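Worth saying up front: this structure is predicted, and the values here are computed from it rather than measured.
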Amino acid sequence: DGTYVFAFEAYGISDPGSWTYDGAKLVVTNANGETAEAEGDPLNLHYVSAVSPDLAGDFAIDAADLSS
């Protein structure tokens, strides 16, 4: 569990939030309180920025990276 900052460098925007991982499900919460969830390995997460819904991306995260 922790915090993160997605950086949309092309726009000069930083988008902070928090995340939790219970060993099976990753839940990411942006600054507006909107959540995105991912399960499996890799965890395929579709993230939408709190700054603008036009700033979104898909991320594949190895579960082992969150368990250590």
Is P42 close to I61 at the side-chain level, that is, under 4.5 Å between some pair of heavy atoms?
-> no

Under a 4.5 Å side-chain heavy-atom rule over Ile, Leu, Val, Met, Phe, Trp and Tyr, are L45 and W19 clustered together?
-> yes

Take F6 and L55 through the side-chain contact (heavy atoms from CB on, under 4.5 Å) test and state the conclusion after the steps.
-> CA-CA 10 Å; F6 279 115; L55 301 175; over 6 Å; no

D41 and A63: which non-hydrogen atoms are nearest, and at how many Å?
-> OD1-N, 3.1 Å

So if you build clusters from Ile, Leu, Val, Met, Phe, Trp, Tyr with side-chain heavy-atom gaps below 4.5 Å, do I13 and V48 land together?
-> no

What heavy-atom pair brings S14 and V5 nearest, and what distance separates the two atoms?
-> CB-CG1, 3.8 Å

Is any side-chain heavy atom of V51 less than 4.5 Å from a side-chain heavy atom of Y11?
-> no

Do the rings of Y47 and F59 sit parallel, tilted or perpendicular, given the 30° and 60° boundaries?
-> perpendicular

Sidechain-backbone polar pair: N30 side chain, N32 backbone, donor-acceptor under 3.5 Å = yes

From L43 atom CG to D65 atom CG, the distance as rounded to the nearest 0.5 Å | 9.5 Å

Between the main-chain N or O of K25 and the side-chain N or O of D22, is there a donor-acceptor pair closer than 3.5 Å?
-> yes

If every non-hydrogen atom of A56 is compared with every non-hydrogen atom of P53, which pair is closest and at what distance?
-> CB-O, 4.2 Å

Side-chain contact test, heavy atoms from C-beta onward, threshold under 4.5 Å: evaluate it for T29 versus Y4 and give yes or no.
-> no

